[in-house]
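Data first, discussion second: the structure below is written as structure tokens.
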Amino acid sequence: MKLWCCLCFTEEEQDNLNLMKEEDISENDVVTGVGAAAVADHHAEENRDDDRFAMTSVQPRTEALISWTGECSAAACSDSTVAGGVENRDLSHKRAKFYADFEERYFSTNAGKCGASNECGDYDYINDSLRPNGEACCDTFALMGGGEESGFDSSIVEDGEGDNIDILKVEDVEIRMDLTDDLLHMVFSFLDHPNLCKAARVCKQWRSASAHEDFWKSLNFEDRNISVEQFEDMCRRYPNATAVSISGSAIYLLVMRAISSLRNLEVLTLGRGQIADTFFHALADCSMLKKLNINDSTLGNGIQEITINHDRMCHLQLTKCRVMRIAVRCPQLETMSLKRSNMAQVVLNCPLLHELDIGSCHKLPDAAIRAAATSCPQLVSLDMSNCSCVSDETLREIALSCANLSFLDASYCPNISLESVRLLMLTVLKLHSCEGITSASMAAIAHSDMLEVLELDNCSLLTSVSLDLPRLQTIRLVHCRKFADLNLRTMMLSNILVSNCPALHRINITSNSLQKLALQKQESLTTLALQCQSLQEVDLSECESLTNSICDVFNDVGGCPMLKSLVLANCESLTSVRFFSTSLVSLSLADCRAITTLELTCPNLEKVILDGCDHLERASFCPVGLRSLNLGICPKLNILSIEAMVMVSLELKGCGVLSEASVNCPLLTSLDASFCSQLTNECLSATTASCPMIESLILMSCSSIGLDGLCSLQRLPNLTLLDLSYTFLVNLQPVFESCTQLKVLKLQACKYLTDSSLEPLYKRGALPALQELDLSYATLCQSAIEELLSCCTHLTHVNLTGCANMHDLNWGCSRGHIAGVNVLSVTSSYENLHELSEQPTRLLQNLNCVGCLNIRKVFIPLAAHCSCLLFLNLSLSTNLKEVDVACLNLSWLNLSNCYSLEVLKLDCPRLTSLFLQSCNIDEEAVETAITKCAMLETLDVRFCPKISSTSMGRLRAACPNLKRIFSSLSTS
């Protein structure tokens with residue numbers, strides 16, 4: 001809920017306000033700011049506040065506190081006129097009233113009355129989007145800093161504006177609260193400068209509160225086109241500012257004003273300009289300065305020496321600066337950066353300096369670097385990366401002078417080899433792309449017992465690393481093209497990155513802290529020895545030379561007892577994989593195409609990836625913790641053993657040579673053995689005995705399964721789906737007798753089933769729970785199909801695709817049976833009508849007769865009791881000539897590619913989609929047919945030669961709800 005704050009007046013006060021005298025203000029009295037107008041009214045009294053309605057929304061988030069002020073800014077600066085105040089009345093501290101849902105009650109009925117004008121606008125100056133000339137925001141700062149002395153009232157409106165605001169309508173839900181100065185100060189402390197400027201436009205109290213110097217300790221004029229006069233005015237208004245940021249061509253003039261006016265200045269940031277040497281002489285007057293940042297600037301005239309002398313400065317940053325020589329004498333200086341500056345000489349007199357960055361100072365000679373660093377005995381961090389002149393002699397001098405040096409970045413220094421360099425306190429060493437670093441350099445590094453981070457990327461001559469460092473935690477070896485041997489013994493090693501080292505063939509790591517090891521694409525790696533008690537993740541992807549011995553490293557008796565995840569993807573030299581691990585949870589052997597034998601004794605293994613293991617012949621998973629397993633991507637698998645107490649899904653689809661399978665999964669519910677042509681009755685019988693919970697069993701194309709195998713299905717009391725498609729079965733009696741809970745039965749292309757094979761279904765009521773029956777491409781005769789459809793009224797989905805013996809679908813009913821009886825003769829007898837009314841309602845919802853080439857007529861009258869039929873598909877029935885369907889709930893009918901279709905009669909009030917693509921039917925027949933399909937939305941008549949695109953209008957007229965008609969010439 002939003003709470004809206006309004007300054008409300010009594011009727012007497014309102015009358016007094018309506019009598020306020022207007023005064024004309026000249027243009028010179030208006031100070032144009034960003035999103036506000038400051039009017040200097042010399043006749044206004046100090047304690048007068050002419051606010052009529054100063055509103056703001058109080059929302060849970062402070063940044064939205066003044067979200068509506070942009071709309072109300074027109075009231076604050078609509079013209080160059082202001083109204084006079086009520087004499088002897090101080091309204092600046094009126095009690096605030098808060099209203100619930102004020103936004104909906106007021107703004108919805110007064111939309112546009114407080115719209116912001118282009119003159120005032122929102123406080124978008126931060127992006128310089130409001131002012132084309134990029135003027136600075138100093139005027140807005142001036143507005144906020146003016147206080148009562150400026151005499152400006154930011155919420156005065158013209159006469160008549162707001163007269164229609166009916167605030168009293170919500171008087172009944174008011175909650176009184178005082179917006180004291182302390183409360184405003186607390187709330188405004190959460191706002192940034194743009195929002196503070198917006199708040200200043202609300203009312204005089206808010207303007208005064210937002211202008212408090214506590215909020216303006218830091219003045220940022222970066223990328224602002226501000227004049228010297230405006231800057232001086234800001235400095236006068238906020239003399240206690242502690243931080244100033246200036247950039248641009250005029251920075252010298254501005255910064256000189258700053259250091260002369262702001263005596264409490266502590267942080268000074270300058271950029272992108274030229275700074276004369278007089279500035280550095282004047283720095284001593286800025287006694288409180290602690291931090292000086294200068295970026296991308298020319299110091300002095302660029303060729304003279306610049307001296308920086310300051311007693312209290314602690315941090316100095318001169319990045320990307322142009323200067324010939326620089327001398328720094330700052331006794332309190334702690335950090336200094338000269339990064340990317342082009343000076344040729346630097347002299348330091350900073351005894352307390354502990355951090356020095358001279359990275360990418362290409363013009364600094366070796367002697368200058370040596371003199372600068374050795375003059376700072378307290379130095380702890382030194383960055384000399386990209387200083388190509390640095391030599392080992394300089395490093396030796398630094399090591400002797402700076403005994404506390406702990407961080408050294410000497411990357412891209414081609415002349416260093418660390419010969420005879422002893423950096424005993426070093427904790428971080430970065431040596432990227434140092435051509436002089438070789439295996440001999442490791443002797444010097446080995447003396448740095450405190451070393452924690454070592455980076456050796458792109459050291460092209462490095463061939464081996466052998467270190468025993470007790471504190472080493474991180475090491476990087478990337479793109480070291482000659483690197484061949486890694487031997488690390490460090491108990492605290494926790495992070496190692498070795499990548500793109502094509503010659504690496506041996507790794508030996510001992511660590512108690514390492515948890516993750518990634519060694520991808522080490523094509524020459526053949527030997528890996530690990531003694532890592534905490535190691536949990538290992539990635540050896542594309543290590544093509546790894547042999548079968550790698551398994552010993554990760555077994556329980558190896559050196560990684562806590563290993564949980566192992567990735568050996570694309571390790572093409574692996575042929576036999578055997579893991580005995582009680583900790584392993586995830587294993588990836590993807591695309592290990594040479595593996596022929598797999599043995600996993602991993603009771604906690606939950607995930608295994610075998611994609612691409614297309615030569616796997618023998619697999620054992622005893623025991624494992626897998627919940628699902630897909631071996632369908634192993635076409636050569638012939639012997640399988642699984643013991644998984646929690647497995648629920650097993651897919652063997654495509655294991656065409658699988659002949660022996662022992663599956664012990666007591667919770668298994670789904671087994672897909674499609675195309676396992678060698679799977680025997682014995683295997684199926686053993687599986688059903690050990691997996692009694694199976695609910696879905698797919699035996700498609702399991703040609704070796706016979707009657708004995710089907711008899712074992714009696715052990716599966718929960719079986720609901722059985723797929724016996726493409727088998728050579730003749731007798732389904734075991735299925736009818738034992739699978740009483742079966743709901744789905746698929747018998748596609750079972751060509752050896754005779755007409756009597758399904759008699760138990762429609763004569764003896766077998767499988768009473770059956771809902772879906774698939775007889776696609778069956779050889780059953782017409783009478784058997786008719787009997788099945790007539791008696792099995794509980795079926796919901798029937799698939800008769802490609803049944804060549806099906807001639808007609810004539811559901812004119814007599815005594816409850818499907819027969820080719822003329823519907824007129826049936827309805828002429830009262831006795832027959834009585835019999836029709838007593839027929840049970842069919843539950844059939846989906847009937848699929850695609851490609852039944854011998855069907856010539858489809859007749860489904862209302863008397864057929866097919867009220868549940870929703871989908872009827874007769875496409876590709878090329879000899880179909882007549883369709884007469886009357887189904888109350890049919891919604892989808894497909895007659896596409898029924899080339900012989902001539903007669904179409906439909907009485908389907910809920911039909912929404914009708915497909916007649918490539919049918920030889922004329923438009924009159926279609927027009928007549930759809931007149932009784934009031935809900936038809938989609939009609940497809942593409943490639944119908946007798947229907948032209950000009951008849952679309954007639955079709956739409958016949959069915960007003962038609963939304964889409966697809967024709968061969970146009971789509972509408």
Check your understanding: Which pair of non-hydrogen atoms, one from I246 and one from I251, has the smallest distance, and what is that distance?
Key -> CG2-CG2, 3.7 Å
Exercise for review: Could you check if a side-chain atom of V244 sits within less than 4.5 angstrom of a side-chain atom of L265, using non-hydrogen atoms only?
Suggested key: yes
**Study point:** Polar side-chain atom of S247 near backbone of D223 as donor-acceptor pair, under 3.5 Å
**Key:** yes
Practice item. Without swapping roles, check the side chain of Q533 against the backbone of C560 for a donor-acceptor pair under 3.5 Å. Key: no
Practice item. To the nearest 0.5 angstrom, please state how far the CG atom of N487 sits from the CG atom of L467. Key: 8.5 Å
Check your understanding: Does a donor on one side chain and an acceptor on the other come within less than 3.5 Å for H315 and T335?
Key -> yes
Review point. Hey, does the side chain of S511 reach the backbone of T490 with a donor-acceptor pair shorter than 3.5 angstrom?
Key: yes
Practice item. Spell out, as yes or no, whether a donor-acceptor pair under 3.5 Å connects the side chain of S210 to the backbone of A199. Key: no
Practice item. May I ask you to check whether over 12 heavy atoms, not counting those of E435, lie within 6.0 Å of atom CD? Key: no
Practice item. Please name all residues satisfying side-chain contact (heavy atoms from CB on, under 4.5 Å) with D392, sequence neighbours left out, ordered by chain then number. Key: L395, R396, I416, S417, E419
Check your understanding: Can you find a heavy atom in the side chain of P239 that is under 4.5 Å from one in the side chain of R263?
Key -> no
Let me check something: any side-chain donor-acceptor pairs from residues 400-409 under 3.5 Å, sequence neighbours excluded? List them with distances.
from, atom 1, to, atom 2, distance (Å)
S401, OG, E397, O, 3.1
S406, OG, V380, O, 3.4
D409, OD1, S411, N, 3.1
D409, OD1, S411, OG, 2.8

Check your understanding: How about I369 and M384: do any of their side-chain heavy atoms sit closer than 4.5 Å?
Key -> yes
Check your understanding: Looking at side-chain heavy atoms only, is the closest gap between M492 and E452 below 4.5 Å?
Key -> no
Check your understanding: To the nearest 0.5 Å, how far apart are CG in L262 and SG in C286?
Key -> 7.5 Å
Check your understanding: What's the spacing between C434 SG and D457 CG if we round to 0.5 Å?
Key -> 10.5 Å
Check your understanding: Which heavy atom of S341 sits nearest a heavy atom of C321, and at what distance?
Key -> OG-N, 3.1 Å
Study note, to complete from the structure: Only one of K320, R322, R272 passes side-chain hydrogen bond (donor to acceptor under 3.5 Å, both in side chains) with D296, and that residue is R322
Check your understanding: What do you reckon, is CZ of R471 surrounded by more than 12 foreign heavy atoms closer than 6.0 Å?
Key -> no
Exercise for review: Kindly determine whether S541 and N570 satisfy side chain to side chain donor-acceptor pair (under 3.5 Å), including the steps that lead there.
Suggested key: CA-CA 6 Å; S541 301; N570 286 287; over 6 Å; no
Check your understanding: What closest approach, in Å, do L418 and A444 show between heavy atoms, and which atom pair accounts for it?
Key -> O-CB, 3.1 Å
Review point. Taking side chain as C-beta onward, heavy atoms only, is L364 less than 4.5 Å from M343?
Key: yes
Practice item. Mind telling me whether F215 and F188 have parallel, tilted or perpendicular rings, with 30° and 60° as the class edges? Key: perpendicular
Practice item. Would you indicate whether the side-chain heavy atoms of L514 and L530 approach each other to under 4.5 Å? Key: no
**Study point:** N415 side chain to S388 backbone, donor-acceptor under 3.5 Å
**Key:** yes
**Study point:** Beyond-backbone contact of L477 with L462, side-chain heavy atoms, under 4.5 angstrom
**Key:** yes
Study note, to complete from the structure: To the nearest 0.5 Å, atom OG of S499 lies from atom NE2 of H479 at 6.0 Å
**Study point:** Whether D277 side chain and F280 backbone form a donor-acceptor pair below 3.5 Å
**Key:** no
Practice item. Mark yes when over 12 heavy atoms from residues, nucleotides or ligands other than M562 sit less than 6.0 Å from its CE; otherwise mark no. Key: no
Revision key, fill the gap. What one should report as the nearest heavy-atom pair of L431 and C459 is O-SG, 3.2 Å
Review point. Within the side chain of S375, is there an N or O that forms a donor-acceptor pair under 3.5 Å with the backbone of N349?
Key: no
Review point. Any salt bridge between D383 and K339, counting N to O under 4.0 Å?
Key: yes
Point to revise | Spacing of R237 atom CZ and W216 atom CH2 [to the nearest 0.5 Å] | key: 12.0 Å
**Study point:** K363 atom NZ, neighbour heavy-atom count above 12 within 6.0 Å
**Key:** no
Review point. Short question: side chain of S448, backbone of L423 - any donor-acceptor pair under 3.5 Å?
Key: yes
**Study point:** Exceeds 12 heavy-atom contacts within 6.0 angstrom, atom CZ of R506
**Key:** yes
Review point. Between S360 and Y412, does a side chain to side chain donor-acceptor pair (under 3.5 Å) hold up when you go through it step by step?
Key: CA-CA 9 Å; S360 300; Y412 301 95; over 6 Å; no
**Study point:** L219 and F231: CA distance, side-chain angles, deciding distance, side-chain contact (heavy atoms from CB on, under 4.5 Å) verdict
**Key:** CA-CA 10 Å; L219 304 179; F231 184 79; over 6 Å; no
Review point. How would you list, by chain and number, every residue that makes a side-chain contact (heavy atoms from CB on, under 4.5 Å) with C501, sequence neighbours excluded?
Key: C480, F483, V498, L504, Q522
**Study point:** Residue pair V255 / L268: nearest heavy atoms and the distance that separates them
**Key:** CG2-CD2, 3.6 Å
Exercise for review: Show your working on side-chain contact (heavy atoms from CB on, under 4.5 Å) between T510 and M491 and close with a plain yes or no.
Suggested key: CA-CA 7 Å; T510 301; M491 295 298 102; 3.4 Å; yes
Check your understanding: Got a second to check how far L456's CG is from M442's CE, nearest 0.5 Å?
Key -> 5.0 Å
Check your understanding: Can you list the steps and then say if L461 with K482 is a side-chain contact (heavy atoms from CB on, under 4.5 Å)?
Key -> CA-CA 6 Å; L461 298 181; K482 293 186 178 182; 4.1 Å; yes
**Study point:** For A344 against A368, the heavy-atom pair lying closest together
**Key:** O-CB, 4.4 Å
Point to revise | Exam field: side chain H432 to backbone N458, donor-acceptor pair closer than 3.5 Å | key: no
Check your understanding: Is the backbone N or O of R257 less than 3.5 Å from a side-chain atom of S260, with the two atoms forming a donor-acceptor pair by type?
Key -> yes
